[in-house]
Every structure is written in C-alpha cells, then in structure tokens.
Amino acid sequence: MSSNQVVIVDDEELILKSLKRVLRRLAPSWSVHIFASPKEALDKLQQGEIQPDLVMCDRLMPGTRGDDVLLECRAHSPEAIRLLMTGDTRIDMKEIVASNVHIFISKPFEHGDISDVFNRVMRIKALPLKHSVRQALGRLKGLPVLNETYQKLDRLLKCEDAELDEVARVVGKDPTLVANVLQAANSPFLGFRGQVSSVDKAVKRLGLNTIASIAVASSLSQTYSIDSKMHRDVVVRALSSAYIATRLMQMRGFTREQAEYAFSMSLLASIGELYLVDAPETANDVGLKSSTKPISALITYYLLTIWGIEERLVEDILSASCAVESTLRSCKESEKPQESDNFEESKESKKAEGLIASQVFYLARRLACEDFDEALADVLKMDEFAQWYPALNALKENPPEDINLAVPQ
C-alpha cells in the first residue's frame with residue numbers, strides 16, 4: 001500500500017466517483033479510500049485500519065455530520081490534514097473553525113483546488129518536525145481557516161497573468177478587506193502622497209504581495225474577536241511591525257518587491273501569537289514544548305504551510321522568529337547582547353537577501369512591540385545593524401503611530 005493515503009467521505013456517489021477519477025490523474029501514487037457512509041469511515045479511523053495523510057469530508061450528511069468525522073480524525077490520526085467540503089455558502093467562519101478543520105473548500109470545486117490541497121499536504125509531510133511536535137500540532141483545536149475571499153485571491157495571484165483589476169474586483173466584494181486595504185494605501189508613514197478612495201488605485205499602490213498578506217489578516221478577523229483588547233493588541237503590533245519594516249526597506253533604497261516581502265514577513269509572523277491569545281493553554285502542551293523553537297513560531301509555520309503560503313516566505317518567517325526570540329532572550333540575560341544562533345549563523349547559511357529580511361524583521365518587531373524610543377536607542381548601539389543606522393535615525397524623526405486592523409464598526 002502507498003505511504004500516502006487519503007480518506008474521502010461524502011454521501012453523494014457522484015462526488016466520490018468524480019474525486020476518485022480525478023485523483024487517479026492528479027495523485028496516482030496515493031491510496032484512495034472512499035466512504036458513502038460516515039459511520040463506516042469513523043469505524044475505520046477508530047480501529048486504526050487506515051492512517052490517512054488527508055481526510056476530505058462533506059459537512060452535511062445523513063446520520064453523522066462531517067464535523068464528527070473530522071473530530072474523530074483529530075483524535076486518532078492527528079497528523080492528517082482535515083478538509084471540509086461544503087455547498088452551504090451561508091456558513092459562518094466560526095462554525096467552520098469549530099469543526100476542527102484545517103482547510104475548507106466550497107462545492108463545486110475545480111481540479112486545480114484539489115491539486116493545490118495535495119501539494120500542501122506533501123509540504124506538511126516534508127516539514128522537519130519531530131513526531132511528537134507533529135502530533136501536538138495536529139491536535140490543536142479551533143485553528144483559524146482562511147475565508148473564501150482569500151482563497152479566490154490566492155488562486156488569482158498564482159496565475160502569471162493576473163490582472164490588477166481582477167484582484168480589485170475580488171477585494172471589493174469583502175467590506176472588511178476593503179477597509180484594511182484603503183487604510184494601508186492611505187498611510188503617510190509609508191510615503192504615500194495624496195489620498196485614494198478606490199480599491200483599484202489602492203491595489204496598484206500597495207502591490208499584490210501586500211494585498212495577499214492583508215487578506216490573510218482580514219480573514220482571521222472573522223475567526224477571532226478582534227474587538228477584545230488582547231487580540232486587538234496583537235494585530236496592532238503586527239501591522240505596526242509590517243509598516244515599520246516596509247518603511248525601513250524604503251529608506252535604504254530596496255526594491256518595491258523586497259519591501260513587500262518584509263511587510264508580509266512581519267504581518268504573517270503574528271498568526272501563532274494570535275492563536276495563543278485564544279488558546280493560552282497551548283503554551284503548556286508537552287508535545288510542542290519538546291521542540292527547541294518558540295511555540296508561537298511553530299504554530300505560524302504549521303498554519304502558513306497548510307494555507308499554501310510561499311515556501312521561502314514560510315521558512316524565512318520561522319528563521320527570523322527564532323532569531324528574534326534568541327536575541328531578545330540573550331539581551332535579557334546579559335548586559336551586553338550575545339549572539340547565539342541568530343544573525344552570525346544566518347550570515348553563513350543564508351544569502352544576503354535572507355539576512356536583510358531577517359534583520360529588518362528583528363528591527364521592526366522590536367520597535368513595534370517595545371517602547372519605541374528605548375528599543376531604537378538599544379538597536380542603534382548594536383554593531384550588526386550599523387548599515388541600518390541612517391534609516392533608523394530617519395525613522396526617529398518620523399515615528400510610526402499605532403495601526404489598527406480591527407473590524408470596522
């Protein structure tokens with residue numbers, strides 16, 4: 001039997017046959033187990049007869065809901081990616097999150113959607129994580145799921161010939177995303193002159209990578225109660241960090257693409273921290289604590305991979321997050337900061353561009369999360385950031401204000 005296994009549960013025989021036929025072509029090396037009866041699928045999972053890497057389950061079926069199948073999967077096969085299929089366009093994102101899923105797709109779906117899911121599963125399997133860490137991550141409850149707006153944007157942005165007006169049309173259908181995009185596009189701190197009120201102009205001004213990152217953050221606002229102070233604080237710090245990173249890159253004369261990359265790193269790195277606010281008990285999980293990496297960084301790494309975010313970006317976020325944690329810890333433990341596994345090792349193992357991304361991430365993170373003046377004074381004493389001194393001093397003359405990415409009232 002193949003080492004890659006998928007379980008598909010749907011009471012519609014036509015869906016099962018169609019998926020099996022598609023998978024013969026898209027994933028010929030996979031073993032495909034199909035069940036029209038959710039009870040039969042549950043029995044197989046409970047008995048351990050199947051150890052799936054992916055479970056695809058319809059939400060509404062006679063007798064047993066798909067949510068129950070996926071809940072059982074989380075208990076008995078935690079390493080499997082859990083996918084919910086639904087034809088209900090009115091379903092609330094919080095209902096989906098409560099279903100213990102990693103991914104949801106709306107019916108009818110295209111072959112490309114299925115191919116993308118299988119690519120993500122293979123990326124998850126390839127992550128260099130210990131078995132105990134994988135199991136612990138798979139058992140996490142209430143993980144955020146990206147909404148349909150982001151999924152449409154993601155499909156569009158993966159097309160080489162994606163048109164900006166098409167992106168603007170997708171953005172324009174989501175009021176929360178529109179508000180967040182216009183806010184970013186009208187930020188004087190980022191050097192934009194003149195106000196824009198149209199989504200089309202905002203998309204052109206910000207760039208596609210920045211739009212994608214803001215769409216992720218906007219999607220998460222449907223999962224979490226951003227009105228709560230703790231969630232709000234995490235989001236404000238993350239967006240402030242993204243703005244600072246972008247501005248520093250601009251001040252040093254880096255390209256627009258490099259500045260967008262720094263924005264994405266800084267904003268997306270907050271996802272694990274946001275989850276921990278909602279589930280603080282996770283910080284004591286024995287499996288996750290067996291890793292040497294910060295738990296919030298692990299959760300971010302896991303979720304971004306499941307969501308299909310660019311592999312290089314995901315790896316850079318993990319690396320930079322660990323470097324920040326290590327450097328901040330050494331700063332607290334010694335009057336003179338000691339470099340351990342952060343920037344010096346990065347110089348040997350990463351290209352110059354990767355080092356720049358890691359450094360600007362560190363600087364932006366500290367300036368956004370700590371007292372601005374004190375953090376700035378501290379980093380201006382650190383020799384490894386000498387090349388950033390002019391940009392940091394310029395930032396001192398025009399400090400950022402708190403940015404609010406909350407749901408509009």
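Nothing fancy with the numbering, it's 1 onward along the sequence. As the structure is a prediction and not an experimental result, all values here were calculated from the model.
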- Item | Verdict with supporting geometry, E384 and Q359, side chain to side chain donor-acceptor pair (under 3.5 Å) | CA-CA 9 Å; E384 59 266 38; Q359 286 187 333; over 6 Å; no
- Task: Calculate, to the nearest 0.5 Å, the distance between atoms OG and CE belonging to S37 and M61 respectively.
- Result: 8.5 Å
- Task: Report the C-alpha distance between D316 and Y261 in whole Å, list the side-chain angles of each, state the deciding distance to 0.1 Å, and finish with yes or no for side chain to side chain donor-acceptor pair (under 3.5 Å).
- Result: CA-CA 10 Å; D316 281 348; Y261 192 80; 2.6 Å; yes
- Message: Taking atom NZ as the centre, does K39 end up with more than 12 heavy-atom neighbours from other residues, nucleotides or ligands that are less than 6.0 angstrom away?
- Response: no
- Query: Should M249 and I356 count as side-chain neighbours, where that means a heavy-atom distance under 4.5 Å?
  - Reply: yes
- Do you know which two heavy atoms are closest between A323 and S358, and how far apart they sit? CB-OG, 4.4 Å
- Item | Closest approach of T300 to A269 (non-hydrogen atoms, all atoms of both residues) | OG1-O, 3.5 Å
- Side-chain touch L129/L298, heavy atoms, less than 4.5 angstrom: yes
- Query: Going through the checks in order, is the salt bridge (Lys or Arg N to Asp or Glu O under 4.0 Å) test met by K107 and D10?
  - Reply: CA-CA 12 Å; K107 294 179 177 179; D10 199 309; 2.8 Å; yes
- Message: Could you check whether W30 and F118 have their ring centres less than 6.0 Å apart?
- Response: yes
- Sub-3.5 Å donor-acceptor pair from the side chain of S219 to the main-chain atoms of A215, do we have one? no
- Item | pair V55-V6: side-chain heavy atoms closer than 4.5 Å | no
- NZ/K201: more than 12 non-hydrogen atoms of other groups inside 6.0 Å: no
- State which residues pass salt bridge (Lys or Arg N to Asp or Glu O under 4.0 Å) with E260; sequence neighbours excluded, sorted by chain then number. R256
- Message: Show, in sequence, the C-alpha distance, side-chain angles and deciding distance for N209 and F263, and conclude whether the side-chain contact (heavy atoms from CB on, under 4.5 Å) test is met.
- Response: CA-CA 9 Å; N209 290 331; F263 182 98; over 6 Å; no
- pair W307-I271: side-chain heavy atoms closer than 4.5 Å: yes
- Scan M230, R237, H231 and name whichever one has a side-chain contact (heavy atoms from CB on, under 4.5 Å) with V234. R237
- Does any non-hydrogen side-chain atom of I103 lie less than 4.5 Å from one of I81? yes
- Task: Decide yes or no on side chain to side chain donor-acceptor pair (under 3.5 Å) for Q46 and H76, but give the supporting numbers first.
- Result: CA-CA 6 Å; Q46 291 169 345; H76 294 279; 5.2 Å; no
- Query: Just checking, R252 and W388: is the charged tip under 6.0 Å from the six-membered ring centre and within 45° of the axis?
  - Reply: yes
- Query: Below 4.5 Å, heavy atoms only, C-beta onward: do Y301 and L127 meet side chain to side chain?
  - Reply: yes
- Yes or no on salt bridge (Lys or Arg N to Asp or Glu O under 4.0 Å) for K204 and D200, after CA distance, side-chain angles and deciding distance? CA-CA 6 Å; K204 291 175 184 176; D200 299 65; 6.0 Å; no
- Trace of the salt bridge (Lys or Arg N to Asp or Glu O under 4.0 Å) decision for R366 with D378: CA-CA 10 Å; R366 288 203 61 185; D378 187 36; 2.7 Å; yes
- Residue among K158, R120, R155 satisfying salt bridge (charged side-chain N to carboxylate O under 4.0 Å, His left out) with D113: R155
- Side-chain touch L177/V170, heavy atoms, less than 4.5 angstrom: no
- Given R139 and E79, is the salt bridge (Lys or Arg N to Asp or Glu O under 4.0 Å) satisfied, shown in steps? CA-CA 8 Å; R139 288 196 178 99; E79 294 185 40; over 6 Å; no
- Quick one: closest heavy-atom pair of A184 and Y243, and the distance? CA-OH, 2.8 Å
- Taking ring pair (Phe, Tyr, Trp, His ring centres under 6.0 Å) as the test, write out the residues that go with Y302, two or more places apart. H102
- Query: How about R59 and M85: do any of their side-chain heavy atoms sit closer than 4.5 Å?
  - Reply: no
- Hey, is the main chain of I214 close enough, under 3.5 Å, to the side chain of S218 for a donor-acceptor pair? no
- Item | R365/E273 ion pair, N-O < 4.0 Å | yes
- Message: Can a donor-acceptor pair be found, under 3.5 Å and without considering hydrogens, that links the side chain of D53 to the backbone of Q5?
- Response: yes
- Message: side chain to side chain donor-acceptor pair (under 3.5 Å), that's the test. Do S290 and S132 meet it? Break it down for me.
- Response: CA-CA 7 Å; S290 68; S132 58; 3.0 Å; yes
- Nearest heavy-atom pair of R82 and L70: which atoms, and what distance? CD-O, 3.3 Å
